[in-house]
Protein chains: 2
Amino acid sequence: MTEKSTRDNIVEAAHQLFYEKGFDHTSFADIADAVNISRGNFYYHFKTKDDILKAVIDQRMAATRDMLDAWEKEGNTPKERIRCFIEIMINNRAKIKKHGCPVGTLTSELAKLGHPALGEANEIFTVFRDWLRRQFEQMGRTKDADELALHVLAGSQGIATLASAFRDDKFIKREVEALGDWLDAVASETDA
Amino acid sequence: MTEKSTRDNIVEAAHQLFYEKGFDHTSFADIADAVNISRGNFYYHFKTKDDILKAVIDQRMAATRDMLDAWEKEGNTPKERIRCFIEIMINNRAKIKKHGCPVGTLTSELAKLGHPALGEANEIFTVFRDWLRRQFEQMGRTKDADELALHVLAGSQGIATLASAFRDDKFIKREVEALGDWLDAVASETDA
DNA sequence: GACTTGTTAGGACGGTTGTCCTATTTCCTG
DNA sequence: CAGGAAATAGGACAACCGTCCTAACAAGTC
């Protein structure tokens, strides 16, 4: 096992802390402590807090693309791929119950801070949106693919927000199932 | 027109700033400036930042109850009342596009801060949930009223989050309409 | 007019923050 | 082994934060 670079360790720790505590409420000291390095060393790698936020967003974006690419290479049908997306809610429910959706909570915070990196954070949403749209297009839904994509995205965001508020596993499973049923209905409409 | 008390002015300004900038990112000085009073005067009314957060939450809770009570006294049917709730998204879309849902974004922030007032903020969600549950019960849906209530709540949260990310009026209207159609379907199932 | 009570103003405090600087150490290259 | 670049440590800094204190003002009562 090769040692990770200090820079990568910083980005990973910052990613985790931004998710758990929020961007604004996470300090340089918090991240440096988590990586066990000095603040001076931290400054060597990232000059400003915005720099590390940008690095974290880039890393999340890359990870998102990798995940979506992998689903497309697994040879599933478009419908099965969309179901993979929906079921993130189930697989990550422990974290979502604690800290909500990583994308949704970050964009909402950056919007309130008036932070210039808001646009880049929103682009992660766009990556999901475009990927979902392509899946619906491949299902034959060329006309309203984007609208269907946004509906899936909105559904998952609603689940994440309420999952965090009520911390109810049954609610999550029920709503994921409902979204799955909706997907089945869309697919059968298209077949007909 | 009677003058409002300084205390009420503080709570109103804090409510607005917490919504626009977030709780943590809003300082005593910000609020004092908005009300045009000194920090010392501010401290006379609220000893700690948690005190004013609590006052803001109480005020929001009271306003929420008032709004829901009013809808019940207007003599509408339960289904029409639920539709009133859904259409908040339309009426408040300008603010929602800028700052998201006031309840959803606050609870998500307090969760990340590990703030002790999270429970009270979540109670606002519970007020909506219970009210919606009662409406579905009055529609005859006694068995799954709570589940239906959570579905409406989740739907509106999803709309609010994506409305803030993409700032798309058509998306909001389309999703609100879809939620309305879902409500019609639930109602017709019940009648049958 | 003195006294009391509620209200406002403005500054002091200790702590934390993001940022920056300067030594010191580590490591690779010739 | 020498020398230079990359990396790390640790502290200094100005600004801001929540909190607290004290003095002044306002208004009504005896």
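Side chains are part of it too, since the values below use all heavy atoms of this structure and drop only hydrogens, waters and symmetry mates.
Because its NZ or CZ atom is not both nearer than 6.0 Å to the ring centre of B:Phe18 and within 45° of the ring axis, B:Lys21 does not count as a cation-pi partner of that residue.
The nearest whole Å value for the distance from the CG atom in A:Leu113 to the C1' atom in C:dG18 is 15 Å. Atom CZ of B:Phe42 and atom P of C:dG10 are 16 Å apart (whole Å). The distance from atom CG of B:Leu53 to atom P of D:dG18 is 12 Å, rounded to the nearest whole Å. At whole-Å resolution of the value, NZ in B:Lys21 and C1' in D:dC16 are 12 Å apart. Between the CZ atom of B:Phe46 and the P atom of D:dC20 there is a distance of 16 Å, given to the nearest Å. The CG atom of B:Leu17 sits 12 Å away from the P atom of D:dC17 (whole-angstrom rounding). The interatomic distance linking B:Arg39 (CZ) with D:dC16 (P) rounds to 12 Å, in whole Å. Spacing between atom CG of A:Asp50 and atom P of C:dT17 amounts to 17 Å, rounded to whole angstrom units.
The stretch residues 22-34 of chain B touches DNA chain D through B:Thr26, B:Ser27, B:Phe28, each having a heavy atom under 4.0 angstrom from the strand.
Taking the six-membered ring where tryptophan is involved, the planes of A:Phe128 and A:Phe85 are tilted, since the angle between them lies from 30° to 60°.
Closest to the side chain of B:Lys49, out of D:dA7, C:dT8, D:dG18, is D:dG18. With D:dA9, D:dT19, C:dT19 as the choices, the nucleotide that has an atom nearest any side-chain atom of A:Thr48 turns out to be C:dT19. Checking C:dC20, D:dA6, D:dA9 against every side-chain atom of A:Tyr43, the shortest atom distance belongs to C:dC20. Taking only side-chain atoms of A:Tyr44, from C-beta outward, the nucleotide of C:dG11, D:dG11, D:dA7 with the closest atom is D:dA7.
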(request) Please report the C-alpha distance between B:Lys4 and B:Glu12 in whole Å, then the side-chain angles of each, then the deciding distance to 0.1 Å, and finally whether the salt bridge (Lys or Arg N to Asp or Glu O under 4.0 Å) criterion is met. (result) CA-CA 10 Å; B:Lys4 280 184 190 169; B:Glu12 190 179 324; 3.0 Å; yes

Side chains of residues 155-163 of chain B: which donor-acceptor pairs under 3.5 Å do they make with residues two or more places apart or in other chains?
unit_1   : atom_1 : unit_2   : atom_2 : d
B:Ser156 : OG     : B:Val152 : O      : 3.4
B:Ser156 : OG     : B:Leu153 : O      : 2.8
B:Thr161 : OG1    : B:Gln157 : O      : 3.0

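Counting only heavy atoms from C-beta outward, the side chains of A:His99 and A:Thr105 never approach each other to under 4.5 Å.
Within the structure, a side-chain polar atom (N or O) of A:Thr6 is placed less than 4.0 Å from OP1 or OP2 of D:dT8. Taking side-chain N and O atoms only, A:Asn41 has a distance below 4.0 Å to OP1 or OP2 of D:dA9.
A salt bridge links A:Glu189 with A:Arg141: at least one charged nitrogen is closer than 4.0 Å to a carboxylate oxygen.
Applying the ring-ring contact (aromatic ring centres under 6.0 Å, His included) test to A:Phe46 and every residue at least two apart in sequence or in another chain returns nothing.
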